[in-house]
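One structure is given here, and the rest of the page talks about it.
Note that ligands are numbered from 1 as they come in the structure, with each ligand's atoms numbered from 1 the same way.
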Amino acid sequence: MSSIQQNLQQITSQIESAQQKCGRSPSSVQLLAVSKTKPVEAILEAANAGQVAFGENYVQEGVNKIQYFAEHHPELKLEWHFIGPLQSNKTRLIAEHFDWMHTIDRAKIAQRLSEQRPADKPPLQVLIQVNTSGETSKSGISENELIPLAELISGLPNLTLRGLMSIPENVGDYSAQLTAFQRLAQLQAQLAKTYPHLDTLSMGMSGDMDAAIAAGSTIVRIGTAIFGQRDYRTE
Ligand SMILES: *Cc1c(COP(=O)(O)O)cnc(C)c1O
């Protein structure tokens, strides 16, 4: 068995035991394999082991991989999630190629994504990135901007708002992790009074997955533990 396959099995059983521990039903949490900087061969290995959803952070790199798999392995029907920060001049590539977008943090990005989504594709599935760590984190909107942005996105024809995403600051302490994730879940519950179809909380990475699952995560984003360390040197 390849090491990627073994890693996937290990993460999957870790997710299962975290679900069990807090009484959540099996397969209520989806594993997003974060493949940024990793070659298509590594993604193919994971896909052959049954992994379907992949997360990318860099627009052009992600598009190249999506096109590669559409051309060479269309039978795999992979699902592509954009999870990186996005400049508004790059929205077209996301709208044309990705299935999910996790990091919407302003109206302009949402409007452009909806305008640029091709008519022959289903609506882009989107999450709003919320900053639940206060001033210590720069990514995501503040809580008081959430309702107006959710309202705006709900009115856009080619986006489907599915929920919220956060990247809390990296703390080692379980109860601090839990508090941050519970805050996001609470915001989602408030929003769901107006938008009852919301069903997705993208929260939890390698170091804080257990707390995220206990707080209600439905997508955990795991990279290194599946694919190994990333090498950012250019080749
Ligand atoms: C890179 C990244 C991950 C995965 O991080 P690992 O430490 O490799 O597991 C998850 N979420 C986001 C938003 C990322 O950018």
- Query: How does N57 reach ligand 1, by side chain, by backbone, by both or by neither, if only non-hydrogen atoms under 4.0 Å count?
  - Reply: side chain

- Task: Just let me know how R230 lines up against ligand 1, side chain, backbone, both or neither, with a heavy-atom cut-off below 4.0 Å.
- Result: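 For R230, the contact with ligand 1 is made by the side chain alone.
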
- Query: Is S114 reaching over with its side chain to a backbone N or O of A110, donor-acceptor style, under 3.5 angstrom?
  - Reply: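 No, the answer is negative, given that no donor and acceptor are paired below the 3.5 Å cut-off.
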
What are the atoms of ligand 1, with element, lying closer than 4.0 Å to any heavy atom of [X]?
X: I83; result: 11 (N), 12 (C), 13 (C), 14 (C)
X: S206; result: 9 (O)
X: R221; result: 4 (C), 10 (C), 11 (N), 12 (C), 13 (C)
X: M205; result: 3 (C), 5 (O), 10 (C), 11 (N)
X: I167; result: 13 (C)

[Y] versus [X], side-chain donor and acceptor atoms under 3.5 Å:
X: S202; Y: R221; result: yes
X: S35; Y: E56; result: yes
X: Q19; Y: S28; result: yes

- Message: To check your reading of the model: name the closest protein heavy atom to atom 14 (C) of ligand 1, its residue, and the distance in Å.
- Response: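 It is K36 NZ, 3.0 Å.
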
- Which protein heavy atom lies closest to atom 4 (C) of ligand 1, and at what distance to 0.1 Å? G223 N, 3.7 Å

- Item | Trace of the salt bridge (charged side-chain N to carboxylate O under 4.0 Å, His left out) decision for R183 with E143 | CA-CA 10 Å; R183 182 64 194 147; E143 292 180 9; 2.6 Å; yes

- Query: Relative to atom 6 (P) of ligand 1, which among T224, T103, V34 owns the nearest non-hydrogen atom?
  - Reply: T224

- Test item: I226 and L8 side chains (from C-beta on) under 4.5 Å apart, heavy atoms: yes

- Message: Please verify the inter-ring angle class for F69 with H73; under 30° counts as parallel, over 60° as perpendicular, anything in between as tilted.
- Response: tilted

